[in-house]
Amino acid sequence: MNFILFLMRIVLGGVFVYSGWGKLMSPVENFKAVVESYQFFSALLVKPISYVVPWLELVFGAFVLVGYLTRQSTVLLALFLLSFIVLLSRSLLMHLPISECGCFGSGIVLAPWQALVLDSGLFLIAFILLKRKSNLFSLDRRLHR
Amino acid sequence: MDVRGRYWVVGIGLILFLVGLVTSVKWIRGNQAFASIENVKVKGPKDAPVHLVIYSDFQCPACLAAIAPVEELRKEFADLLRIEFRYYPLERPHRWALIAAAFAECAAEQGRFWEFHDKLFQEQPIWSKSEDAIPFFARYSNNLNLDRRKLEACLANPKTMARVRLEHSMGDRAKVQSTPTFFINDGRILVGALQLNLEGKRIILEELRKSGKEPPKPASSVP
């Protein structure tokens, strides 16, 4: 079971690292346009969100990947996933003209409904990780020695 | 060192490592948006101080929405602005985008790119929903009196599609992800009509100031 939890941690952290990295490797305006396309945030918030979110995804994704402050980082990623799920569901219900979710920068292209499925799966993983402690190959285990 | 101290050191180390990695990879990759290309579709003088490059897709509704703000900028800045169109057809969501670009490229070969461009965008809501858009493109070519034989030869020539794909790959290298994406003077990037509306004019004025050119004076209503 511990090994399965370890794999889950790798998947969760890995997806966020990939997602943050993809956005950071592109001009910030690309992600800014993605945030704008969801028509949810005020113009004042769009800029800080598009600058900060990719870094948070990368840093906390990496934290989960290496098992550093695993619990706290997983909570933060779960909150991210929850907000993504809400935004994607809203865009689908409102039939917003969004052909791709913009989740991975110039990497994998997903339609909003596909991203919704992925995020729901990741949220389930985050939930399991929070319920069952996973410290196999983690920095947390090392740092507590 | 106690546990708390070890956590601080490792955490700061991890963050510094990630920041360093992202910064150095971005620096190495650089911005390649303005790789030179011979076959350009341009409006405005070559020596204009401000260059606006548009990566666009004829079947994308957002690109249609961006036509008006681009035209406003062109009117306002006239000879100070050079506009260059580059193909970035998004083939997956837009079934006819690639073939539309090929037709436009063949119109460009006969010196009628902008007329064809305007027609494609004007009629976009009609042909983009049709089962077969090619007869529409053929009709637009006819209406513009394009030489039919040359057009057919151009469409059959693999170099035409290669030129479209070359521009698309230039867009990929410049990190274009969606259309329309605008590059102003090798670096300033705007994505979508909304960003162009909000920031386009300000950036162009900044670029004019940098180049030492006078921005056009607003037309006064009282003589």
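Labels below follow one simple rule: chain letters A, B, ... track the order of the sequence lines, proteins then strands, and each chain is numbered from 1.
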Original post:
So, for A:V59 and B:L18, which heavy atoms are closest and what is the spacing to 0.1 Å?
Top reply: CA-CD1, 3.8 Å

**OP:** Can you tell me which residue pairs pass the ring-ring contact (aromatic ring centres under 6.0 Å, His included) test with a partner in residues 111-145 of chain A, sequence neighbours excluded?
**Re:** A:F6-A:F137, A:H144-B:Y7

**OP:** State whether the number of non-hydrogen atoms from other residues, nucleotides or ligands found under 6.0 Å of A:R142 atom CZ is greater than 12.
**Re:** no

Subject >> Pairs flagged by side chain to side chain donor-acceptor pair (under 3.5 Å) wherever residues 67-92 of chain A is involved - sequence neighbours left out >> reply: A:T70-A:D140

Original post:
Given that the side chain runs from C-beta out, which part of A:V46 has a heavy atom under 4.5 Å from chain B: side chain, backbone, both or neither?
Top reply: neither

Original post:
Would you find more than 12 non-hydrogen atoms of other residues, nucleotides or ligands less than 6.0 Å from B:K210 atom NZ?
Top reply: yes

Subject >> Proximity breakdown for B:L198 and chain A, heavy-atom pairs closer than 4.5 Å >> reply: neither

**OP:** Might you confirm whether atom CG of A:L44 has over 12 heavy atoms from other residues, nucleotides or ligands at distances under 6.0 Å?
**Re:** no

Original post:
Which residue out of B:L194, B:T181, B:V22 racks up the most heavy-atom pairs below 4.5 Å with chain A?
Top reply: B:V22

Original post:
With a 4.5 Å limit on heavy-atom distance, are the side chains of A:F63 and B:I15 in contact?
Top reply: yes

Original post:
If you take all heavy atoms of A:V66 and B:L14, which pair is closest and at what distance?
Top reply: CG2-CD1, 4.0 Å

Original post:
Can you tell me if NZ on B:K43 sees more than 12 non-hydrogen neighbours from other groups inside 6.0 Å?
Top reply: yes

Subject >> B:V19 and A:W55: CA distance, side-chain angles, deciding distance, side chain to side chain contact (heavy atoms under 4.5 Å, CB included) verdict >> reply: CA-CA 9 Å; B:V19 171; A:W55 279 108; 3.9 Å; yes

Original post:
Does the side chain of A:M25 reach to within under 4.5 Å of the side chain of B:V25, using non-hydrogen atoms?
Top reply: yes

